[in-house]
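For reference, the structure is listed below as structure tokens.
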Amino acid sequence: RNTVLTSNTAGFGGAVYGMFSSLTLVNCVITGNEAGFGPAAYTTFSTLNLVNCTVVDNTPLDLAGGIHCLASTALAANTILWENGGIEVM
């Protein structure tokens, strides 16, 4: 809640990585992160909820998609997804 996640780099999930989990981010800013897959967030077998968040200007290094969800569910409520490398959510 009320968090800024910025300037992180990873192979998977530059800012947020979830596996077999339930993640809820409220009033957050995710910006300026880099990753091969899901520079803003990467989830596998998880649930990701973004509420009142701004996800902007994150860079995928390999596969396009600011948020990458593999066998996962994503919900974005009152959330801005902008300029995250092509496909915003994959």
Side-chain angles (χ1 to χ4, degrees):
R1 186 175 288 268
N2 303 322
T3 303
V4 176
L5 301 167
T6 187
S7 303
N8 299 289
T9 302
F12 295 86
V16 175
Y17 180 88
M19 178 181 268
F20 298 105
S21 59
S22 180
L23 308 163
T24 299
L25 300 172
V26 180
N27 298 329
C28 67
V29 175
I30 303 174
T31 186
N33 300 288
E34 293 183 342
F37 297 87
Y42 180 91
T43 62
T44 182
F45 300 104
S46 298
T47 299
L48 174 64
N49 297 303
L50 300 171
V51 181
N52 300 328
C53 293
T54 300
V55 181
V56 62
D57 201 26
N58 296 284
T59 305
L61 301 176
D62 292 328
L63 187 62
I67 297 172
H68 191 110
C69 297
L70 176 64
S72 297
T73 301
L75 168 71
N78 196 35
T79 293
I80 297 168
L81 303 170
W82 187 259
E83 292 295 322
N84 292 297
I87 302 168
E88 295 295 335
V89 178
M90 182 171 215

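Nothing fancy with the numbering, it's 1 onward along the sequence.
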Quiz item: Considering all heavy atoms of both residues, which atom of P60 and which atom of P39 are nearest to each other, and what is their separation?
Solution: N-CG, 3.5 Å

Self-check item: Shortest non-hydrogen contact between I67 and L48, atoms and distance
Solution: CG2-CD2, 3.9 Å

Quiz prompt | S7 backbone acceptor or donor facing E34 side chain under 3.5 Å | solution = no

Quiz item: How long is the span from the CG atom in N33 to the CG atom in N8, to the nearest 0.5 Å?
Solution: 4.5 Å

Exercise. Heavy atoms only: give me the nearest N58-I30 pair and the separation to one decimal.
Key: ND2-O, 3.1 Å

Practice problem: Apply the side chain to side chain contact (heavy atoms under 4.5 Å, CB included) test between V29 and each candidate in T6, V4, I80; give the one that qualifies. | Solution: V4

Quiz item: Atom CG of L23 and atom OG1 of T47: how far apart are they, to the nearest 0.5 Å?
Solution: 8.5 Å

Exercise. Considering non-hydrogen atoms only, spot the tightest contact between C28 and C53 and give its length.
Key: SG-SG, 2.5 Å

Quiz prompt | Where R1 and N27 come nearest, the two heavy atoms and their spacing | solution = NH1-ND2, 4.5 Å

Exercise. Could you name each residue pair satisfying ring-ring contact (aromatic ring centres under 6.0 Å, His included) that touches residues 38-61, not counting sequence neighbours?
Key: F12-Y42, Y17-Y42, F20-F45, Y42-H68

Self-check item: Closest contact, heavy atoms only, V16 versus L25
Solution: CG2-CD1, 3.9 Å

Practice problem: Would you kindly confirm whether F37 and L70 end up in one hydrophobic cluster when ILVMFWY residues are joined by side chain heavy atoms under 4.5 Å apart? | Solution: yes

